[in-house]
Amino acid sequence: MDYSYLALKFLIGGGVIVGITFLAEQVDPKYGGILAAAPITTTLAFLFTYSDAGQATTRQLVMGSFWFAIPTLLFLLALYLLMSRYPLIPSFGGAYGVWLVAVLVMNRLLLGI
């Protein structure tokens with residue numbers, strides 16, 4: 001295993017998180033949200049997967065990302081709604097619960113395809 005390549009992946013991923021946080025805190029949460037929702041993280045995952053595993057695996061990852069974006073949207077909606085009534089940590093718990101149920105349902109639906 002090439003540890004320098006692994007470290008590069010961590011640095012790039014961490015840089016994205018730092019950029020999102022910086023924009024949200026220092027500029028405008030809207031711009032942090034744009035970067036958080038941008039396909040930059042999926043693009044990085046696709047690029048690294050392509051370089052490590054090739055086109056066939058990357059294509060499967062793209063389709064999985066497409067279908068499992070639906071549970072992510074439900075997670076975001078649930079988190080937004082729960083945060084208006086509960087503190088952050090319980091809101092995350094509930095939103096992850098919604099996400100997990102949606103992932104299980106989506107996975108079950110995709111098995112039938």
Side-chain angles (χ1 to χ4, degrees):
M1 173 178 274
D2 183 8
Y3 291 109
S4 60
Y5 183 60
L6 186 62
L8 177 66
K9 289 181 186 180
F10 274 104
L11 286 172
I12 291 171
V16 170
I17 300 302
V18 169
I20 290 168
T21 305
F22 177 80
L23 283 173
E25 291 175 355
Q26 303 299 322
V27 180
D28 187 334
K30 175 179 63 176
Y31 296 122
I34 290 170
L35 187 57
I40 189 168
T41 53
T42 51
T43 298
L44 291 171
F46 298 154
L47 288 172
F48 287 130
T49 301
Y50 183 82
S51 73
D52 293 344
Q55 185 166 348
T57 302
T58 305
R59 289 190 64 195
Q60 291 174 343
L61 177 61
V62 169
M63 282 311 298
S65 298
F66 174 80
W67 289 113
F68 288 102
I70 296 168
T72 300
L73 292 172
L74 294 174
F75 166 83
L76 293 171
L77 179 62
L79 182 60
Y80 178 78
L81 294 174
L82 289 169
M83 284 179 66
S84 67
R85 300 189 71 188
Y86 303 103
L88 181 65
I89 300 302
S91 296
F92 269 123
Y96 273 109
V98 168
W99 174 82
L100 181 60
V101 169
V103 164
L104 294 172
V105 168
M106 185 59 69
N107 192 50
R108 183 73 171 179
L109 291 172
L110 291 175
L111 288 175
I113 293 178

Requested in this report: Mind checking the CG-CG spacing from Leu6 to Leu11? Nearest 0.5 Å is all I need.
Outcome: 10.0 Å
**Report entry** Flag, side chain of Thr57 to backbone of Gly54, donor-acceptor distance under 3.5 Å
**Finding:** no
Query raised in the report: Can you name the nearest heavy-atom pair linking Thr49 to Leu61, along with the distance?
Result: OG1-CD2, 3.4 Å
**Report entry** Common cluster, Ile34/Val27, ILVMFWY with side-chain heavy-atom separation under 4.5 Å
**Finding:** yes
Requested in this report: Report the C-alpha separation of Leu79 and Phe92 in whole Å, then their side-chain angles, then the decisive distance to 0.1 Å, and conclude whether the side-chain contact (heavy atoms from CB on, under 4.5 Å) test is met.
Outcome: CA-CA 6 Å; Leu79 182 60; Phe92 269 123; 3.7 Å; yes
Requested in this report: Can you see which heavy atom on Leu35 is nearest to which on Val16, and at what distance?
Outcome: CD2-O, 4.5 Å
Requested in this report: Answer yes or no: are there more than 12 heavy-atom neighbours, outside Phe46 itself, under 6.0 Å from its atom CZ?
Outcome: yes
Query - Stepwise side-chain contact (heavy atoms from CB on, under 4.5 Å) check, Ile12 with Phe48 - result: CA-CA 11 Å; Ile12 291 171; Phe48 287 130; 3.8 Å; yes
Query raised in the report: In Å, rounded to the nearest 0.5 Å, how long is the span from CG of Leu81 to CG of Leu76?
Result: 11.0 Å
Query raised in the report: How far does CG of Leu73 sit from CZ of Phe68, to the nearest 0.5 angstrom?
Result: 13.5 Å
Query raised in the report: Is atom OH of Tyr80 surrounded by more than 12 heavy atoms (other residues, nucleotides or ligands) closer than 6.0 Å?
Result: no
Report summary line: Rounding to 0.5 Å, atoms NZ (Lys30) and CG (Leu23) come to a distance of 12.0 Å
Requested in this report: Compare all side-chain heavy atoms of Gln55 with those of Arg59 and state whether any distance is below 4.5 angstrom.
Outcome: yes
Query raised in the report: Would Phe75 and Val98 count as a side-chain contact (heavy atoms from CB on, under 4.5 Å) if you check the C-alpha gap in whole Å, the side-chain angles of each, and the deciding distance to 0.1 Å?
Result: CA-CA 6 Å; Phe75 166 83; Val98 168; 6.0 Å; no
Query raised in the report: Which atom pair, heavy atoms only, marks the closest approach of Gly32 to Ile20?
Result: O-CG2, 3.7 Å
Requested in this report: Please round to the nearest 0.5 Å and tell me the distance separating atom OH of Tyr5 and atom CG of Asp52.
Outcome: 4.0 Å
Query raised in the report: Do you reckon Trp67 sits in the same ILVMFWY cluster as Leu104, going by side-chain contacts under 4.5 Å, direct or chained?
Result: yes
Requested in this report: Check the hydrophobic clustering (I, L, V, M, F, W, Y; side-chain heavy atoms under 4.5 Å; chains of links allowed) and say if Leu110 and Val103 are grouped together.
Outcome: yes
Query raised in the report: Should Phe66 and Val62 be regarded as members of a common hydrophobic cluster, given that ILVMFWY residues are connected when their side-chain heavy atoms come within less than 4.5 Å of each other, either directly or indirectly?
Result: no
Query - CD1 (Ile40) with more than 12 external heavy atoms under 6.0 Å - result: no
Report task. Compare all side-chain heavy atoms of Met106 with those of Leu74 and state whether any distance is below 4.5 angstrom. Result -> no
Requested in this report: Looking only at non-hydrogen atoms, find the nearest pair between Ala102 and Pro71 and report the distance.
Outcome: CB-CB, 3.6 Å
Query - Tyr96 reachable from Leu82 in the ILVMFWY side-chain graph, under 4.5 Å edges - result: no
